[in-house]
Amino acid sequence: MNENRLSHDALLRARAVQVIPGGMWGHQNAARLPAVYPQYFSRAQGCRLWDADGREYIDFMCAWGPMVLGYNDPDVEAAAATQRRLGDGLNGPTERLVELAELVVDTVLHADWAMFQKNGTDATTLCVVIARAATAKRKILVAEGAYHGAIPWCNPYPLGSTPEDRLHVLKFDYNDVASLETAATRAGDDLAGVIVSAFKHDFGKAHVLPTADFARAVRLLCDRAGAAMIVDDVRAGFRLHMGGSWEAVGVRPDLSAWSKAIANGRALAMVAGNDRFRAAAAEVFTTGSFWTAAVPMAAAIATIRKLKATGAIAHMRAMGQRLRDGLDRQASTHGLALRQSGPPQMPVVLFEDDADKAKGWLFCTEALKRGVFMHAAHTMFLSAAHGEADIDRALEATDAAMAVVARAYG
Ligand code: PMP
C-alpha cells in the first residue's frame with residue numbers, strides 16, 4: 001500500500017464519524033485497539049478474513065465467537081440459501097422453528113424446551129425474566145466482573161443506567177462458595193435465580209474453569225431456595241460440550257442462554273430450559289420482530305448437525321492445544337513468561353508482569369502486521385476451519401512477534 005495515500009479503512013472511519021456517534025459503538029470499536037487494527041472488513045472464508053484494504057489474516061477472534069465451523073461454511077450456507085428462496089421473516093415461524101427446537105432438546109442435555117431470540121443479551125435477560133416469573137421473587141445473583149450483556153440490569157458500563165435498574169442484582173465471586181452463600185443470605189427469601197458463565201472469562205483476566213465444588217454449590221443453593229440456576233453459555237456454547245458447558249462439571253442448569261456460535265454467524269439466540277420452568281416460559285410475554293426469521297434457524301440446524309457429525313469440538317480443542325504448545329515453546333525460547341488460560345479452543349494469552357497489557361498488545365500488534373488477528377485481553381476462539389497448517393503458519397508470525405517483545409522487554 002502507498003503509505004502517502006489514506007487507507008480505505010481510514011476513509012471509512014472519516015465518513016463514519018460524520019454519521020455514526022463516535023464512529024462506532026461497543027466492543028467492536030477499533031478505537032479500543034492499537035492503531036494498526038482495522039475497523040472495517042470486506043470478506044472472509046474458512047479461518048481467514050480480509051480487511052477493507054485487502055490485508056489477509058488468520059483469524060483467532062472468529063467474529064468474537066459466532067464463527068465456529070468456518071466463515072462461509074458450504075453446508076450452512078446451502079441450508080440458508082434454500083430457506084432464503086422459500087422465505088425468511090414471515091407472518092409467523094416456519095417449520096424450521098419446530099425442527100430446531102427438537103434438535104436442541106435432543107442435543108442440550110438439560111433442555112426440555114427451547115425459545116429463540118436474536119442476541120445473547122436477549123437470551124440472558126429472558127432467563128432472568130423467566131426465573132422471576134416462575135418464582136415470584138426478585139433477586140438475581142451475578143458473579144463480579146462477569147459479562148451477561150449490555151442492557152441496564154447487567155451492563156458493566158453504567159452510564160445511562162440507574163441504580164434502580166440493578167436494585168435486585170447481588171454480586172458474588174465466581175468459584176467462591178462462601179461469597180455465593182453470603183450473597184444468597186443477603187437475598188433472603190427473595191432469591192429468583194443465580195446466573196453463572198460457562199467459565200470465568202472476565203475481560204483482561206486469566207480465564208478459570210468452574211470447580212466441581214462451586215458448580216454443585218450453585219445447584220444446591222438454587223434447589224434449596226427454589227430459585228432458577230442459569231448458565232450463560234452465550235460465549236462458550238457448542239465450543240466446549242454439545243450438551244451444554246456445565247456437563248464438564250456434571251451439573252445441569254434449569255435455564256441456559258445461548259447465541260454466538262449456534263448458527264455459525266447468523267443472528268440467533270436461544271433459551272433452553274427444563275420442565276420446571278416450562279409454565280413460566282409459556283406465560284411471560286416475550287417477542288421480537290425478527291425472532292422467528294427462518295434463515296438463521298435453517299443455518300442453526302445445519303450448524304448443530306455438522307458440529308455433532310464431525311466431532312468439531314475435539315478438533316477445535318486439538319488446534320487450540322497446538323497453538324498453546326507452540327506459544328509456550330516460543331515464549332521459553334525468547335525468555336518470556338506467558339500465562340495461557342481458558343479451554344484451549346477459547347484461549348486468552350497473557351504475559352506475566354503486564355498489568356497494563358503493554359507486552360500483550362505489542363505482541364498482538366506485531367502478529368497482526370504478519371497476518372494473524374489476535375486480542376490481548378478478550379477470549380479468543382478457535383474454529384473447525386483452523387487446520388494444522390493454519391496454526392503452524394500463525395506460529396511463524398507469533399515467533400517473530402515474540403522476538404519483538406523480547407527485544408523491547410527481555
Ligand atoms: N453473555 C456472554 C457470556 C457473552 O460473551 C456475551 C457477548 N459477548 C453476551 C452474554 C451478550 O451477547 P450479545 O452481545 O449477543 O447480546
Side-chain angles (χ1 to χ4, degrees), residues 24-29 32-33 60-68 108 115-131 140-157 160-161 166 169 171 174-175 193-205 207-210 218 228-241 244-246 248 253 255-272 286 288-291 293 296 299-300 303 341-343 345-348 375 377-383:
M24 183 58 200
W25 58 86
H27 68 295
Q28 292 185 355
N29 185 344
R32 294 169 172 271
L33 299 169
F60 290 104
M61 286 307 283
C62 294
W64 297 72
M67 187 284 268
V68 69
V108 174
M115 295 164 81
F116 300 93
Q117 312 79 33
K118 285 293 107 180
N119 288 287
T121 309
D122 299 335
T124 55
T125 303
L126 182 54
C127 285
V128 167
V129 167
I130 293 171
I140 302 290
L141 308 192
V142 177
E144 196 66 63
Y147 186 78
H148 299 297
I151 204 165
W153 75 267
C154 58
N155 193 330
Y157 304 93
S161 304
R166 299 142 191 275
V169 170
K171 295 296 178 84
Y174 199 96
N175 268 345
V194 180
I195 184 167
V196 282
S197 307
F199 59 95
K200 186 173 155 66
H201 44 48
D202 301 357
F203 187 82
K205 306 245 173 74
H207 288 4
V208 187
L209 296 176
V218 177
M229 198 204 124
I230 306 165
V231 167
D232 178 351
D233 229 337
V234 169
R235 193 175 304 183
F238 295 149
R239 265 198 170 81
L240 303 191
H241 193 298
S245 293
W246 271 32
L255 301 168
S256 55
W258 304 65
S259 183
K260 291 197 184 284
I262 66 175
N264 200 44
R266 303 271 165 167
L268 195 67
M270 81 178 172
V271 172
T286 183
S289 296
F290 300 102
W291 288 15
T303 300
S341 62
Q345 62 274 49
M346 295 180 66
V348 64
H375 198 291
H378 193 276
T379 317
M380 293 187 280
F381 301 88
L382 276 290
S383 80

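All residue numbers in this chain count up from 1 along the given sequence. Start at 1 and go down the list; that is how both ligands and their atoms are numbered.
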query = What protein heavy atom sits nearest atom 8 (N) of ligand 1, and how far off is it?
reply = Lys260 NZ, 3.3 Å
query = Which bit of Val234 gets closer than 4.0 Å to ligand 1, counting heavy atoms only: side chain, backbone, both or neither?
reply = side chain
task = Starting from atom 5 (O) of ligand 1, find the nearest protein heavy-atom neighbour and note its residue, name and distance.
result = Arg235 NE, 2.8 Å
ask   = Does the side chain of Ser256 pick up a donor-acceptor pair with the side chain of Asp233 at under 3.5 Å?
value = no
ask   = Is it the side chain, the backbone, both or neither of Trp64 that has a heavy atom closer than 4.0 Å to ligand 1?
value = neither
query = Have Ser289 and Trp291 got a donor and an acceptor in their side chains that come within less than 3.5 Å?
reply = no
ask   = For atom 1 (N) of ligand 1, what is the nearest protein heavy atom, given as residue, atom name and distance?
value = Asp232 OD2, 2.7 Å
inquiry  = Angle between ring planes, Tyr174 versus Trp246, binned at 30° and 60°: parallel, tilted or perpendicular?
reply    = perpendicular
query = Can Arg239 be said to sit on top of Phe199's aromatic six-ring, NZ or CZ under 6.0 Å from centre and within 45° of the ring axis?
reply = no
request  = Indicate, as side chain, backbone, both or neither, the part of Asn119 found under 4.0 angstrom from ligand 1 when only non-hydrogen atoms are considered.
outcome  = both
ask   = In terms of side-chain heavy atoms, does Thr379 have a donor or acceptor partner in His207 at a distance below 3.5 Å?
value = yes
request  = Decide side chain to side chain contact (heavy atoms under 4.5 Å, CB included) for Leu255 and Ile130; before the verdict, give the C-alpha distance in whole Å, the side-chain angles of both, and the deciding distance to 0.1 Å.
outcome  = CA-CA 9 Å; Leu255 301 168; Ile130 293 171; 4.1 Å; yes
request  = Determine whether any heavy atom of His201 lies closer than 4.0 Å to an atom of ligand 1.
outcome  = yes
ask   = Do any nitrogen or oxygen atoms of Gly120 lie less than 3.5 angstrom from nitrogen or oxygen atoms of ligand 1?
value = yes
task = Just jot down the ligand 1 atoms closer than 4.0 angstrom to any heavy atom of Thr121, in number order.
result = 11 (C), 12 (O), 13 (P), 16 (O)
task = For residues His148 and Thr124, report the shortest heavy-atom separation together with the two atoms involved.
result = O-OG1, 2.8 Å
